[in-house]
Chemist: 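The following block contains the structure, expressed as structure tokens.
Below, chains carry the letters A, B, ... as their sequence lines are ordered, and counting in each starts from 1.
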There are 2 protein chains.
Amino acid sequence: MPTLADVARLARVSEITASRVVRAQGPIAEATRLRVLSAIAELGYIPNRAAGSLASAESTLMSVLLPSLSNIVFPDVLRGIHTALTETAFQPVIGVTDYDPLVEERILVSFLAWQPAAVILAGLHHTPTARRHLEHGRFRVAELMDIDGEPVDIAVGMSHRQAGYETGKHLIKRGYRRFGYARHNISTDDRASARYEGLCLALKEGGLSLIAEHCYPGASSTKAGREALQILLAATPGLDVVVFPNDDMAMGGIFHCMHAGIAVKEKLGIFGFNGLDIGQAMPMPLSTILSKRFLIGKTAAEKLLESRERPAGKTIIDTGFDIIEGATA
Amino acid sequence: MPTLADVARLARVSEITASRVVRAQGPIAEATRLRVLSAIAELGYIPNRAAGSLASAESTLMSVLLPSLSNIVFPDVLRGIHTALTETAFQPVIGVTDYDPLVEERILVSFLAWQPAAVILAGLHHTPTARRHLEHGRFRVAELMDIDGEPVDIAVGMSHRQAGYETGKHLIKRGYRRFGYARHNISTDDRASARYEGLCLALKEGGLSLIAEHCYPGASSTKAGREALQILLAATPGLDVVVFPNDDMAMGGIFHCMHAGIAVKEKLGIFGFNGLDIGQAMPMPLSTILSKRFLIGKTAAEKLLESRERPAGKTIIDTGFDIIEGATA
DNA sequence: GCGTTTTATGGTAGCGCTGTCATAAATCTT
DNA sequence: AAGATTTATGACAGCGCTACCATAAAACGC
């Protein structure tokens, strides 16, 4: 493998000059630049980033820790991040935490070994050790999805509590009174919990409360939603609306209604969260809340690139959410 | 930041001994090991992987180049890869090529700067430059999804040509005769093209051919499928089955039928590809082919970890596919 | 009990690059 | 035209770790 020294020799310049050409840094005479560039091309030189990172004590890697890849939500965020990083020198290294803060901590530490330029993670809740690393590290930090709390550096997302609250207000305004809720078993999905709390608060303010709940004993999925709704309705007849923690489960709910001949919206309202494309492409578009996942990822990565140094103050960016009225509630 | 030298000093051993403890490599007396470990804990030492990679000329990074993150297919593959890498020291660095071989080449080169232990990419078709890098590099290479061709090192996937062929045979056996096909505009989706060819071959062998095609002028999506089917049926009445390049579009097709009051299966068969969960959770499960995306990712990563050195022979692993009869064709 | 193997540890050099400081050449002031 | 500034380049050290080789101590064989 050719090294920078080989390039420098061929171009008849010093290593450091060749290095400057590679990094497009510092003043370089155009003729010299061209000579170095042609030497690079001739040798097929590829810079060694490990050496570069070691020498400069900083890398072009950006650590991305996501809770899951099982539904499209986090890939959407990742897509946003990747979009912002295209055309920059930064590269995302990804880890999946399975919604487990201890796994998050373990992966974070292993990522720090690369001296990343920035760390992106989901949520504001981390282990004390992880939080300590994040606070004391010489890198930027973005905490995504959630803004209900105090970030280490930057938070980009929306208030899930408020989304839950608005959901409740919206459904009450639409005339629904007998609320059910179908959850899944990921108790560490803080954001789903925050939406749940917001929903309960809105109901309480309206003199109502959830009259039925069912927790599906497994991860979130369309099938989970379908089965959960079936059980919920069997146990508590007379519900007029069921709120789901996300669109996947809500679509399962709709599928159950289609199967069981229940008139969605008239007889039973169905409300989700996320605003996935597929729910909106249905003949009866899902009533839900649009979370701006791509935007969250993109905005976060862009913000992180603005400055290498962590500024004094913390930044909170609210990407907001939209209620999609849809046709199911 | 504490370095290995600090750890060594505190544990009263040489740097190299401390290094061996960190890497769990070579014979170390238990007492020494414990002393080093406690020094590491006390100092909060985090190894510097850039230095390690530079010294050993190999990294724990695995480059993963995916065509897209826009539907769940590649995240599923990534999830499989990640699952195989959990509990190992390897970390995936990801890049998205947008189905563009030139973008793939550019990202590949930037990834090679990290001296990755392995490179994972999709498909067997790359630019000549990319192919040269892959062939001459000192790393393992896995080419995923497709096995209709000659891999550089390992290929893991299925024969898309055969999947298309089986689709045709299956639908002919079911009595369908008047075939339509709805495509999307990503002409570089080699695998969709291979399935298309296989389908045409099966039709030809049955004395049939596609009597209608429509290309949606945009990327694949549920909405694309819905609109494509509408146009297809308007232009060519009398179709009795429409094959879609994937489940997302096929579900759009079903949604169009629901909306237009067309009896799916009896009046019009709908066939997809991928076997996504959501299609199977519908009241009328989608007839499709199950591609084993998670398995492909997991198998590939596991195979790559078996040996650092590229073996003499090439490995092709056929993960196969299942026809899901479903209720829509 | 003396050579032989195994186990445990260390010294040294160097991986390929970039930061720092120095210097030379070109350009600008007045 | 002499000094001040800007532009362009280089020498050198060292980032933190591991490969390589050497060595010492313990265990083994007959």
Chemist: Look at A/Thr17 and D/dG10 and indicate whether a side-chain polar atom (N or O) is within less than 4.0 Å of OP1 or OP2.
Modeler: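 A/Thr17 to D/dG10 OP1/OP2: side-chain N or O found under 4.0 Å.
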Chemist: Please name all residues satisfying salt bridge (Lys or Arg N to Asp or Glu O under 4.0 Å) with B/Arg293, sequence neighbours left out, ordered by chain then number.
Modeler: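 Testing B/Arg293 for salt bridge (Lys or Arg N to Asp or Glu O under 4.0 Å), a comparison that skips the adjacent residues, returns B/Asp76.
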Chemist: Once Watson-Crick and G-U wobble pairs under 3.5 Å are found, how is DNA chain C written in dot-bracket notation, 5' to 3', with | for any base paired to another strand?
Modeler: ||||||||||||||||||||||||||||||
Chemist: Measure CZ/B/Arg49 against P/D/dC17 and give the value in whole Å, please.
Modeler: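 Between P of D/dC17 and CZ of B/Arg49: 10 Å.
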Chemist: Applying salt bridge (charged side-chain N to carboxylate O under 4.0 Å, His left out) as the test, list every pair that has at least one member in residues 40-65 of chain A; sequence neighbours left out.
Modeler: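 As it turns out, the salt bridge (charged side-chain N to carboxylate O under 4.0 Å, His left out) pairs with a partner in residues 40-65 of chain A, which skip direct neighbours, are A/Glu58-A/Arg308.
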Chemist: Under a 3.5 Å cutoff, is there a donor and acceptor pairing between the side chains of B/Ser14 and B/Thr17?
Modeler: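 Yes, a side-chain donor-acceptor pair sits under 3.5 Å.
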Chemist: Would you say a side-chain N or O of B/Thr3 is under 4.0 Å from OP1 or OP2 of D/dG16?
Modeler: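 Looking at the OP1 and OP2 atoms of D/dG16, neither is under 4.0 Å from any side-chain N or O of B/Thr3.
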Chemist: Return a table of donor-acceptor pairs under 3.5 angstrom between the side chains of residues 24-36 of chain A and protein atoms on other chains or two or more places apart.
Modeler:
unit_1	atom_1	unit_2	atom_2	d
A/Glu30	OE1	A/Arg33	NE	3.3
A/Glu30	OE2	A/Arg33	NH2	3.3
A/Arg35	NE	A/Ala11	O	2.9
A/Arg35	NH2	A/Ala11	O	3.2

Chemist: Could I get the full list of salt bridge (Lys or Arg N to Asp or Glu O under 4.0 Å) partners for B/Glu306, not counting sequence neighbours?
Modeler: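 So B/Glu306 forms a salt bridge (Lys or Arg N to Asp or Glu O under 4.0 Å) with B/Lys303.
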Chemist: Please collect all side-chain hydrogen bond (donor to acceptor under 3.5 Å, both in side chains) contacts where either partner lies in residues 109-119 of chain B, sequence neighbours excluded, each pair once.
Modeler: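 Of all non-adjacent pairs touching residues 109-119 of chain B, those that pass side-chain hydrogen bond (donor to acceptor under 3.5 Å, both in side chains) are A/Asn48-B/Gln115, A/Gln91-B/Ser110, A/Gln91-B/Trp114.
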Chemist: My understanding is that only residues two or more places apart in sequence, or in another chain, count here; which of them pass salt bridge (Lys or Arg N to Asp or Glu O under 4.0 Å) with B/Asp6?
Modeler: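 Applying salt bridge (Lys or Arg N to Asp or Glu O under 4.0 Å) to B/Asp6 gives B/Arg9.
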Chemist: Which pairs pass salt bridge (charged side-chain N to carboxylate O under 4.0 Å, His left out) with one or both residues in residues 93-105 of chain A, sequence neighbours excluded?
Modeler: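 Checked against salt bridge (charged side-chain N to carboxylate O under 4.0 Å, His left out) - neighbours excluded - no pair reaches residues 93-105 of chain A.
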Chemist: Go through residues 27-48 of chain B and report each residue with a non-hydrogen atom lying under 4.0 Å from DNA chain C, sorted by number.
Modeler: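 Heavy-atom contacts with DNA chain C come from B/Pro27, B/Ile28, B/Ala29, B/Thr32.
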Chemist: Going 5' to 3' along nucleotides 19-24 of chain C, which nucleotides have protein heavy atoms under 4.0 Å from the base (write B), which only from the sugar-phosphate (write S), and which from neither (write -)?
Modeler: BB----
Chemist: Quick one: side chains of residues 141-149 of chain B, donor-acceptor pairs under 3.5 Å with protein atoms, not counting sequence neighbours, listed by atom name and distance.
Modeler:
unit_1	atom_1	unit_2	atom_2	d
B/Glu143	OE1	B/Val152	N	2.7
B/Glu143	OE2	B/His126	NE2	2.7
B/Asp146	OD1	B/Asp148	N	3.2
B/Asp148	OD1	B/Ser159	OG	2.9
B/Asp148	OD2	B/Ser159	OG	3.4
B/Asp148	OD2	B/His160	N	3.4
B/Asp148	OD2	B/Arg161	N	3.3

Chemist: With sequence neighbours excluded, give me every salt bridge (charged side-chain N to carboxylate O under 4.0 Å, His left out) pair touching residues 127-140 of chain B.
Modeler: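 The answer is B/Arg131-B/Glu135, B/Arg140-B/Asp153.
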